[in-house]
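A short worksheet on the structure shown next.
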Amino acid sequence: MALAAVEPASASSFPKGFVWGTATSAYQIEGGVNEEGRGRSIWDTYSHTPSKIHGNANGDRASDHFHRYKEDVALMKALGTTAYRFSIAWPRVFPDGTGAANPQGLDFYNRLIDELLANGIEPFATLYHWDLPQALQDRMGGWESLDTAKAFGDYAGYVASRLTDRVRNVFTINESSTFIDFGYGAGPVELAPGLKLSQARLNQIRHHVALGHGLAVQAIRAQGRTGTKVGLAENVVSCVPAIETAENIRASEIATREMNAGYLTAILEGKYTDAFLAYAGKNAPRFTAEELKIISSPIDFVGLNIYMPQHYVSASDHPNGFSLLPFPTSFPHMASDWLRIGPEAMYWAPRNVAKVWDVKQIYISENGTSAADKVLADGRIIDLDRIMYLRNYLTQLQRATSEGVPVAGYFQWSLIDNFEWSDGLDKRFGLYHVDFETQKRTPKLSAEFYRQLIAANALK
Ligand code: GBH
């Protein structure tokens with residue numbers, strides 16, 4: 001990695017032109033599930049299955065963003081953000097996954113994009129944030145089938161041909177590892193479609209998802225406006241040196257490559273690593289050289305969703321060159337049990353991705369935390385824990401940018417409280433509180449923290 005000589009204006013500033021935004025996803029905020037010809041997704045089915053979701057919540061209404069998008073764009077503007085990452089619901093565009101497009105399928109996104117641009121906010125669209133058309137799950141087992149990857153490519157091309165006149169940045173797939181391991185595998189939490197498949201089938205699914213990503217990249221290049229920037233948003237397995245010695249740092253680089261071998265490494269290198277194939281053995285995915293070429297179609301940026309350190313790493317004599325350290329049970333976490341507090345992941349993840357693969361442009365496509373936000377009698381929400389979390393993670397991001405790690409922007413997760421998948425409406429991630437009865441939005445203190453930081457382009 002060539003570290004550019006970046007001269008920060010002050011010890012706490014971010015580079016000039018750094019992009020500050022917020023992020024959301026379709027099923028988590030939109031509601032409007034029966035509007036304008038939308039088909040069903042696996043999340044409609046799953047969230048309506050009794051006892052799957054905390055409090056038996058579902059996304060039928062969620063944060064009602066489908067009807068309140070103008071108000072929500074005003075909230076973005078009040079923060080001073082100049083970018084917004086949202087996702088497009090595939091079943092709004094192709095209600096059956098393939099076949100005839102819904103003529104009204106992009107109407108909502110056209111309204112949203114125009115509203116964003118009228119307010120000086122750059123739209124960053126994600127094509128897949130887990131809401132697979134139910135028809136594809138029913139007909140072909142969803143991502144178990146190569147045909148779902150092909151259908152995803154077709155959908156991507158269709159969207160690109162209609163939106164890239166105004167949308168200049170597109171993320172293909174959000175967090176492959178999360179929806180594969182927890183939706184199709186037996187992860188510690190369950191996501192739709194709620195299957196528990198074998199490791200061999202999971203590896204095959206991962207291969208199909210990577211292929212879907214590659215086909216989408218090619219379709220966007222073929223059908224989108226020239227110059228459209230394409231990337232992905234991945235919950236990269238972040239490998240942090242436990243103690244920052246040269247040996248441990250080197251071990252964290254090797255671990256970054258191997259621990260992401262099933263997806264990110266394959267996409268960025270065009271091959272599965274030897275160690276990955278040896279470890280998978282007879283469970284390895286079946287693949288062709290032609291497929292690996294599609295998977296590794298060049299991309300313009302890598303989006304990293306960073307919430308926590310996935311592993312602390314030290315050097316090891318083991319042939320693989322690294323050792324993953326066990327977490328003590330006393331390791332601290334935020335309101336969500338899984339959300340470990342390890343701000344240095346925000347330095348090491350982008351630093352290692354840039355170093356290992358010579359990636360030239362990175363976005364932090366998500367970072368944020370849940371908190372037990374309470375509305376006080378006077379209406380305020382004093383979410384000091386969220387501010388503490390953000391300040392520490394952003395301090396580490398500033399460390400990265402000041403060293404020349406090529407991070408171009410940061411998307412805070414999330415703009416507003418939303419439907420947090422299996423946790424229902426219980427875990428709140430927004431800078432703005434949502435009363436899910438009245439749909440009233442109220443800024444939390446963290447919204448003011450973020451506004452001040454953006455205004456100064458420096459930590460506050
Ligand atoms: C993101 O996932 C999602 O993209 C977003 O939709 C979601 O709302 C947001 O974060 C907040 O959760 O195996 O112990 O880690 C974040 C990463 C990975 C967090 C899977 C929950 C399951 C438990 N997620 N993890 S654990």
Side-chain angles (χ1 to χ4, degrees), residues 19 21 23-26 83 85-88 90 123-132 143 148-153 155-157 159-160 163-164 167-181 183 205-222 224 228-238 256-257 259-272 291-307 310 349-350 352-354 356-367 406-411 413:
V19 174
T24 62
S25 89
R85 175 175 174 244
F86 62 98
S87 85
I88 294 171
W90 185 351
F124 283 65
T126 304
L127 295 175
Y128 187 74
H129 202 122
W130 311 351
D131 42 0
L132 185 78
W143 292 103
T148 289
K150 291 183 182 154
F152 181 67
Y155 152 67
V159 171
L163 297 188
T164 53
V167 176
R168 299 191 294 176
N169 292 277
V170 180
F171 294 91
T172 55
I173 290 175
N174 181 72
E175 287 196 8
S176 73
S177 58
T178 306
F179 81 80
I180 295 169
D181 293 326
I205 288 173
R206 212 178 310 279
H207 179 70
H208 293 158
V209 174
L211 191 59
H213 155 82
L215 289 167
V217 172
Q218 296 191 344
I220 294 163
R221 302 264 187 244
T228 301
K229 300 252 185 286
V230 191
L232 46 71
E234 188 57 9
N235 186 24
V236 61
V237 179
S238 55
T256 296
R257 184 164 178 265
M259 298 307 292
N260 290 288
Y263 189 74
L264 202 54
T265 306
I267 287 171
L268 294 174
E269 296 187 17
K271 64 175 195 187
Y272 290 115
E291 287 170 352
L292 284 177
K293 256 176 83 183
I294 296 169
I295 286 173
S296 58
S297 302
I299 52 178
D300 300 297
F301 60 82
V302 173
L304 303 175
N305 292 2
I306 299 173
Y307 288 86
Q310 226 93 28
N352 280 347
V353 165
V356 172
W357 293 293
D358 199 24
V359 170
K360 301 290 191 219
Q361 189 169 46
I362 293 173
Y363 286 101
I364 304 305
S365 33
E366 288 181 26
N367 166 248
V407 180
Y410 169 94
F411 293 87
W413 183 277

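Side chains included, hydrogens not; waters and symmetry mates left out as well; all remaining heavy atoms used.
Here the OG1 atom belonging to Thr148 is positioned 11.0 Å from the CG atom belonging to Leu211, to the nearest 0.5 angstrom. One finds the CD atom of Gln361 at 11.0 Å from the CD1 atom of Ile299 (value rounded to the nearest 0.5 Å). The distance from atom CD1 of Ile267 to atom CG of Leu292, rounded to the nearest 0.5 Å, is 11.0 Å. Atoms CG and OG, from Leu264 and Ser177 in turn, are 9.5 Å apart once rounded to the nearest 0.5 Å.
In summary, of the residues considered (Thr178, Asn305, Asp181), a side chain to side chain donor-acceptor pair (under 3.5 Å) with Asn235 occurs for Thr178 alone.
Smallest separation of non-hydrogen atoms from Val167 and Pro123: CG1-O, 3.8 Å. The heavy-atom pair separating Ser365 from Arg85 by the smallest distance is O-NH1, 3.0 Å. Shown here for Ala233 and Phe171, the closest heavy-atom pair between the two residues is CB-CD2, 3.8 Å. Taking every heavy atom of both residues into account, Tyr272 and Ala266 meet most closely at CE2-CB, 3.8 Å. Closest approach of Ser238 to Ala349, counting heavy atoms only: CB-CB, 4.0 Å. Residues Val159 and Ile88 approach most closely at CG1-CD1, 3.8 Å, considering heavy atoms.
Applying the ring-ring contact (aromatic ring centres under 6.0 Å, His included) rule to Tyr410 yields the partners Trp20; only residues at least two apart in sequence or on another chain are considered. Residues that satisfy the side-chain contact (heavy atoms from CB on, under 4.5 Å) test with Ser296, not counting sequence neighbours, are absent from this structure. The ring-ring contact (aromatic ring centres under 6.0 Å, His included) check on Tyr155 picks up Trp90, Phe152, with sequence neighbours excluded.
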Assess the residue pair Ser176 and Arg206 against the criterion (side-chain hydrogen bond (donor to acceptor under 3.5 Å, both in side chains)); give the C-alpha distance rounded to whole Å, side-chain angles, the decisive distance to 0.1 Å, and a yes or no.
CA-CA 7 Å; Ser176 73; Arg206 212 178 310 279; 5.5 Å; no
Does Leu304 form a side-chain contact (heavy atoms from CB on, under 4.5 Å) with Val407? I'd like the steps, not just the answer.
CA-CA 10 Å; Leu304 303 175; Val407 180; over 6 Å; no
Show, in sequence, the C-alpha distance, side-chain angles and deciding distance for Val209 and Tyr263, and conclude whether the side-chain contact (heavy atoms from CB on, under 4.5 Å) test is met.
CA-CA 9 Å; Val209 174; Tyr263 189 74; 4.0 Å; yes
Could you walk me through whether Asn174 and Glu366 satisfy the side-chain contact (heavy atoms from CB on, under 4.5 Å) test, starting with their C-alpha distance in whole Å, then the side-chain angles of each, then the deciding distance to 0.1 Å, before giving a yes or no?
CA-CA 10 Å; Asn174 181 72; Glu366 288 181 26; 3.3 Å; yes
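Between Phe179 and Tyr128, the angle of the ring planes goes over 60°, which puts this pair in the perpendicular group of the 30/60° scheme.
Panel note: side chain Thr265, backbone Arg257; a donor-acceptor pair is recorded below 3.5 Å. Of the possible donor and acceptor atoms, none in the side chain of His208 sits under 3.5 Å from a partner among the backbone N and O of Ala149. Asn367 places a side-chain N or O within donor-acceptor distance of the main-chain N or O of Ile306, the cut-off being under 3.5 Å. Side-chain atoms of Asn260 come within 3.5 Å of backbone N or O of Val237 as a donor-acceptor pair. Between the Ser87 side chain and the Ala26 main chain, a donor and an acceptor come within less than 3.5 Å of each other.
Looking only at side-chain heavy atoms (C-beta outward), Phe301 and Pro406 stay at 4.5 Å or farther from each other. Contact of the Thr256 side chain with the Trp357 side chain is registered, since non-hydrogen atoms from C-beta on lie closer than 4.5 Å. Put simply, the side chain of Met259 does not reach to within 4.5 Å of the side chain of Gln310, judged on heavy atoms.
Contact check on Arg221 versus Asp300 returns a salt bridge, with a Lys/Arg side-chain nitrogen under 4.0 Å from an Asp/Glu carboxylate oxygen.
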